[in-house]
Amino acid sequence: MKKYQSIFLAAFAFSFVACEPEFENPVTNESYSRGEADFTTYVALGNSLTAGYMDGTMYRSGQQYSFPNLLAKQFAVVGGGSFTQPSFNDDVNDVGGLLFMGQPAAATRLILNMSTSGPENLTGTPTIEISDLQAKAYNNMGVPGAKSFHLLASGYGNLANMATGTANPYFVRHATSPNTTVLSDAMSLNPTFFTNWIGANDVLAYALSGGTGENQEGNTDPSTYSSNDITDPQVFEAAYKTIINTLTSNGAKGVVATIPDITSIPHFTTVPYNPLTAEALGGEAVVTQLNTSLLDPIKQILTAIGEGDRIQLYSTTSGNPLLITDETLTDVSATLTAALIANNYPAETAAVLGQVFGRARHATRSDLFVLGTSGIIGTASALPSPLDKLGVTFPLEDKYVLIPSEQQQIKTATDKFNDIIWSVSGSKKLAIADMNAIMRYLTTGIRLSDGQWYTADYFKGTENMNKVLFSLDGVHPNPRGYAFVANEIVKVINEHYKSNLPLLVPGNYPGVTIKASN
Amino acid sequence: MKKILSISLLSLIAANSFAGGYRISLQGQRQLAMGHTGVGVIGQNAESLFFNPASGTFLKNQWSFSAGATALFSNVKFQNSIYNWSNSSENMGTPFYFYGNYQATDRFSVGLAVYTPFGSSVEWQQDWPGSHLVNSIDLQAIFIQPTVSYKITDNISVGAGLIYVNGGVTFNRNLSRSMIDDYGNRSDVTIDASGVSAWGYNVGVTARLDEYVTLGVNYRSQIDMKVEGGEAKFHDMPGFLNYADGKFDATMPLPAELTIGLSYQINEKWLAAFDYNYTFWKAYDNLVIEFDNPAIGTSVNPRNYKSSGTLRGGLQFAPSEKFSARVGGYYDISPVQDGYFAPETPRNDAIAGTAGFSYKITPKLDVDFSATALHFKQTKNSYDHYKEDGSDLSFGGDYRSSAYSLGLGLSYNF
């Protein structure tokens, strides 16, 4: 009897110890490896895309999703050290924006207001004071607004230079000394690994301004540039070489990223050239009225001088193009005015119409409109009816549209800068994250391993809210987009440095911030 | 907004799968120790009422009672080496049973069976990587079954039982993979349905072919658990999507099951038993949940289960009047198909080993012990049918489960 009992007691005991589930290959930090790279001290160099800028500003809760911060978490698995970012603890309301000497200097972050269905600056008071100096080098040395040569510019972080516009408010806040450089502060941390995603602003600033700046090709003195200008390729190359040579001077390895083409950024691809449906214009009667009283008379005169293509009559059945100013067109104001007077228009009216339509034309498929255009289409111009509707009866200014010649300048510069990035980085055998190519794939869609398709679309509403990668400024990613960027960089590192780092799932990161009201 | 909140009440499926791919059969310590066989076993104790309602007339005593409870420990581990994910769920449940049988005449008996075939839970870390599918689930169902049994001949008996089920489920999941409230907390919803009742039936036949071999067949009907007016509570919702707590309707069908069993009395001391269960899981192709809030709408969740079987075997050794010992095992084939492997039912095929013994304390009172260990192979699988903005998303990795139980029961016969 005792014998049986002990057998069964033993069986009971066995059932307890034998049943804890164990994997054949449990996933632990030891499952991953750093390969040929050393992530001990990771420093990120770049502009707003590196800083974690989104929704038109830097703000506290957004900064934690900067791609370098997300990347550092993956590095930590294989020996990466702590990763610091410039402090935004003073953003107590989490609204972003900037103060300079107590006065508002930059607007709060954009949110999507459900009650108005549009992006708006979040109501609230910025508390991020430019003159609160942290004087500290951080692992994340991304400086919003920085161009290639700015990383080498002494005084770029000098509060005293704010008045002359040669200092950057974000770098001022953490520059270790007034006349240090971004690169020198970065090097003070002795990086063993770096990312360098600089150069976008060397061309993007021009694009964002609607092409109002100058192309400085041929001018090798960046101190003479305005903020919206395109950098001269020689200046870019010299700066880029210095940055890469310095970063690699102690044997550090790293990843550089190329500059995305603007045709894959929703800021330039969201507003269509022809949004003016009959409904949007106020009905078929309004369309007819516009055609007969305004467009047709002008078009007839233009046709007579061989410029009839500039203006087209509005359709009641399809979307009609926006009216824009194209500074590349010959100014035909005088001809127009004279012809209108000949057609019995009052001289004053004829003069105004001649002025307004002298360089105006309807947009075509080849024109790109900046995101902000959507908010001003149809709003009041300075003139009385019928010339009172911006984009409809009064041409949009140059800053709202990138005409083909401006796009060509942007494309040429982008290609040149990317060629420089490839050759300089290639000569140092650095890993290259071709964000230009990746973003181009996004325009048609990239399917990640979780099954979701990601695109370069702007927030459209609930049908894409779970997959939109861009923040409401249309230029910078949202948290999910930065996770996408970090993930692509991890892939590049794994490939190039034979590392085995864990990937991220962008879909698990927040998208656009939506508020019930503002 | 419907797409955001395609609440796939996986919970409700868990109820289903718990009865099959997830079911750990614990409806009687003696029979459990023999691999949970019993459809063709006669002359044991009142536990037989669960296995085959026809067996009541084959019990030895005029009055037979059995009651017991089991401590069930079930663990699941999950990992994905692509993303460095490791998670686990460790849970305990205490299913119980009560059976009573009265032999009114030589040919006729009546009985009552109360058992809890559903009663486990899965609890992952809140906001774990699979939180859009499930954070936690807890479900329970009590089956109450009055039974009659009639002996047509000395060797053939038929039986039938009416099953009344009362159950409930609590289930929590995040609203999507990324939704957060205005303070950064993940948005989640808890679905709660309690006091859900339904009816079913159980019929069986037992035939003693000779003095050694007994054959039994048992059929348990499909039972549709209809939730009407269950509660849906939303937590940490962003201001723009502030769903009020509301109601939902859903149906949880528990599948029909057909079991054929055979026992062989080798000699006075040794008894062998075999069962084959076939569960009609195929009924579960989709789970449909209707919310009363039209903004949330109706959620259709593909399940695509396949019908599956379980093969069971057990051996009893009774060397004396006072003591008997049992061993057994079974092989349970999961109804979950590849690509439909969801973390609220993370079970693949299982091999179980069982053992136990009984000891007669007094001539009328027996105490019954059982122990079970379920072994699951490590499996790599995923659920590929989570809808997000029109795309079918996949969530998966390596899963490994285990379960074990310790049970104590009492039998009183006179």
- Item | Results of side chain to side chain contact (heavy atoms under 4.5 Å, CB included) for B:S178 - residues two or more places apart only |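 If we apply the side chain to side chain contact (heavy atoms under 4.5 Å, CB included) test to B:S178, skipping adjacent residues, the hits are A:N466, A:R480, B:S176.
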
- Task: Return the set of residues passing side chain to side chain contact (heavy atoms under 4.5 Å, CB included) with A:A431 (not counting sequence neighbours), or none when no residue passes.
- Result: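 Only A:V255, A:V492, A:H496, A:Y497 meet the side chain to side chain contact (heavy atoms under 4.5 Å, CB included) criterion with A:A431.
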
Kindly give the heavy-atom pair with the smallest separation between [X] and [Y], and that separation in Å.
{"X": "A:M114", "Y": "B:F240", "result": "CG-CB, 3.4 Å"}
{"X": "A:E22", "Y": "B:R400", "result": "O-NH1, 2.7 Å"}
{"X": "A:V505", "Y": "B:W85", "result": "CG2-CZ2, 3.6 Å"}
{"X": "A:L503", "Y": "B:Y83", "result": "O-CD2, 3.3 Å"}
{"X": "B:G239", "Y": "A:A516", "result": "O-CB, 3.5 Å"}
{"X": "A:P21", "Y": "B:K77", "result": "O-NZ, 3.2 Å"}

Gap separating the [atom1] atom of [X] from the [atom2] atom of [Y], nearest 0.5 angstrom:
{"X": "A:L448", "Y": "B:S394", "atom1": "CG", "atom2": "OG", "result": "12.0 Å"}
{"X": "A:M465", "Y": "B:D389", "atom1": "CE", "atom2": "CG", "result": "7.5 Å"}
{"X": "A:S61", "Y": "B:I180", "atom1": "OG", "atom2": "CD1", "result": "7.5 Å"}

With a 4.5 angstrom heavy-atom cut-off, could you sort out which part of [X] is near chain A: side chain, backbone, both or neither?
{"X": "B:L393", "answer": "both"}
{"X": "B:D384", "answer": "neither"}
{"X": "B:D392", "answer": "backbone"}
{"X": "B:S86", "answer": "side chain"}
{"X": "B:F395", "answer": "neither"}
{"X": "B:F78", "answer": "backbone"}

- Item | B:E388 vs A:D450 side-chain heavy atoms within contact, under 4.5 Å |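 No, too far: nothing below the 4.5 Å cut-off.
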
- Message: Less than 4.5 Å apart, side chain to side chain, heavy atoms only: is that true for A:N29 and B:N84?
- Response: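 Yes, at least one pair of side-chain atoms sits under 4.5 Å.
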
- Would you please go through residues 73-83 of chain A and name the residues with a non-hydrogen atom below 4.5 Å from one of chain B, in numerical order?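 Listed by number: A:V77.
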
- Can you check whether anything in residues 120-128 of chain A gets within less than 4.5 Å of chain B, heavy-atom wise, and list it by number?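 The stretch does not come within 4.5 Å of chain B.
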
- Query: So with a 6.0 Å cut-off around CD of A:E36, is the heavy-atom count from everything else above 12?
  - Reply: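 More than 12 within 6.0 Å, yes.
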
- Message: Tell me whether B:Y331 at atom OH has more than 12 heavy atoms from other residues, nucleotides or ligands lying less than 6.0 Å away.
- Response: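 Check passes, neighbour count above 12.
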
- Most contacts with chain B, counted as non-hydrogen pairs under 4.5 angstrom, among A:Y32, A:W453, A:Y509: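 Among A:Y32, A:W453, A:Y509, the one with the most close pairs to chain B is A:Y32.
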
- Greatest number of heavy atom pairs closer than 4.5 Å to chain B - which of A:L504, A:N500, A:T513: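 Top count of heavy-atom pairs under 4.5 Å with chain B: A:L504.
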
- Report yes or no: does B:Q79 contribute a side-chain atom to a donor-acceptor pair with the main-chain N or O of A:N25 at less than 3.5 Å?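 Here the side-chain-to-backbone pair exists.
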
- Item | Side-chain donor/acceptor of B:Q378 to backbone N/O of A:E24, under 3.5 Å |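 Such a contact is found between B:Q378 side chain and A:E24 backbone.
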
